[in-house]
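Structure record follows, encoded as structure tokens.
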Amino acid sequence: MKHDCHYHPGAPAKWHCGECQLHYCSRCMPDADARQRRALCPHCSKAMRYLGAATEVVPFWNRIGAFFRYPFHTDPLIVIAICTLVPLLAPANLLGVLIWLVLALALFKYTYEVINHTAEGHLKPPPVSAAFTGSGFSIVFLQLLVFVLMGGLVGAAAMIGGPILMMLAVAFVVLALPASIMVLAMERAVGPAVNPMNLAVLISRIGTPYFLLYGYLILLTLASGAAQDFAVNHFPLWVAQPLAGFLNSTFTLILFHMLGYLLFQYQEELGFASDLQDEAPTEAQHERNRSARFDADIDMNLKDGNYDRVQSMLKDALKNDRDNPLRIGQLYQLLIARNDTAELYRYHPRILSWLASRNDGDGMASLLEAIQQAEPTFRLEDPELAVQCARTLYHRGQFKPALRLLQDFHKRFPDSDQLAPAYLLVAQTLANGLGQWEKATAFLTFIQKRCLTHPLHEQIGTYLEQAANKEPLKGPKASFALPDQER
């Protein structure tokens, strides 16, 4: 049964809390340790059950192209090349036979590693070392024993029930062979792999897709046989033998990868949980996860109506990271929604700076109006921020709020290096925005007399000429020297 996230309907759930009876998706649990299957419920802090990636997995019938590309990764190609070419170079004696058997054993072991690797959520092939090192070589003998027992089952059916029962037994063995291989790969035990009830349960839990996969496997087997037959009949022996071996190994890896993917796709029905695991998390990803954990908690608390809790969380976050633009923006949006003028006034320097960085003059004008209604004597105490905000307002056509911010700037900040930029901005607002050329000229004259050392002083003459002609105050035009040949 597929479950949706409690907080994000339509998003597949990956965690379930038995205490709260809530399902969570990846967005709700960005910091959960899916590799270790560990996560704590955000509400009750109890350990949760991991549901795996089954609800996010692309159905195997939509990945046919990826299955055929699978053997052509570097690692499986190396394994196939070693197991195919080395026997050709081995001496034609007992040592050569022994080498062939060892390499056949390694290739067979690698194919079963493919099933396990894929079922665990790795869509990239296992490394070359998986074929030649570690435990797991016994899987070959276990598979041979399974084949012997299945043959014994067919023989017993023939002895007990005659040809009819024997044909039924053969049909079941042929149909259940892929299921038997999957069970043997996962369990590493002969009993479950030959138990008819166990195999029937696996097939029934997967359902119709099992028979669709079975059809693909039959086509793969026929294609492999036809390709090898073509190689043997149309190429010399020294070419046909390695080519046939390469084709047989390639199709075998495709087949076993498909079996592993079927286990991965139907993991919930089969009683285990896996996730995509090909990329190891970096330190940067861990940092993003910590931030995403905070965002997920905010999202869930907002949807639960815990606005005081969210506000407290954001204020605490800003104590640790004073100028975090994401948290400032979240706090601003929450305070606006709650119409909390007192808190808006308390955080107004950081919020205004954030709005200025976004060039949000309209939002800035609304915020200033709300603050000034609560505090009629409100004035910005930071001259640089006042000029920055006024410039944002000016560019958004909010002329009166811009002038209000810069009112009496020379009295409030007489020694500030922002005096010339502030009053130039006032002059531009008066002239370009309100058409008050005389007042604009007065402010330009003030800059010319008072700000003798400021770099803007050299441009004031140009601005005064523009004001006298009632032209938009845009500063001097840039001049560029032309190359000699263009003069």
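Owing to the predicted nature of the structure, the values given are computational and were not obtained by experimental measurement.
Note: Tyr24 and Tyr7 have parallel aromatic rings, judged against thresholds of 30 and 60 degrees for the angle between ring planes.
Asp229 and Asn233 form a side-chain donor-acceptor contact under 3.5 Å, judged by distance and modelled atom types alone. Side-chain atoms of Gln388 and Arg391 form no donor-acceptor pair, as typed in the model, at a separation below 3.5 Å.
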Exercise for the section: Mind running side-chain contact (heavy atoms from CB on, under 4.5 Å) on Leu368 and Leu393 for me, showing each step along the way? Expected result: CA-CA 11 Å; Leu368 289 171; Leu393 291 166; 3.9 Å; yes
Practice task
Assess whether salt bridge (charged side-chain N to carboxylate O under 4.0 Å, His left out) is satisfied between Asp308 and Arg338, documenting all intermediate values.
Solution key: CA-CA 10 Å; Asp308 290 337; Arg338 304 188 75 185; 2.7 Å; yes
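The CZ atom of Phe294 lies 7.0 Å from the CD atom of Gln330; values are rounded to the nearest 0.5 Å. Taking CG of Asp382 as the reference point, atom CG of Leu352 lies at 10.5 Å (rounded to 0.5 Å). For the atom pair Tyr110 OH and Ile78 CD1, the distance stands at 9.0 Å (nearest 0.5 Å).
Because its NZ or CZ atom is not both nearer than 6.0 Å to the ring centre of Tyr347 and within 45° of the ring axis, Arg350 does not count as a cation-pi partner of that residue.
Residues passing the ring-ring contact (aromatic ring centres under 6.0 Å, His included) test with Phe230, sequence neighbours excluded: His234. In this structure, the side chain to side chain contact (heavy atoms under 4.5 Å, CB included) partners of Thr250, at least two apart in sequence or on a different chain, are Pro71, Phe72, Ile80, Phe246, Ile254.
Around the NZ atom of Lys46, the shell of radius 6.0 Å holds no more than 12 heavy atoms that belong to other residues, nucleotides or ligands. Counting non-hydrogen atoms of other residues, nucleotides and ligands closer than 6.0 Å to CG of Leu219 gives a total above 12. Annotation for Gln311: atom CD counts as buried by contact number, over 12 foreign heavy atoms lying within 6.0 Å. Atom CD1 of Ile164 sits in a sparse spot, with 12 or fewer heavy atoms from other residues, nucleotides or ligands closer than 6.0 Å.
Closest of all the heavy-atom pairs between Ile328 and Arg322 is CD1-O, 3.9 Å.
When ring centroids are compared, His16 and His23 come within the 6.0 Å threshold.
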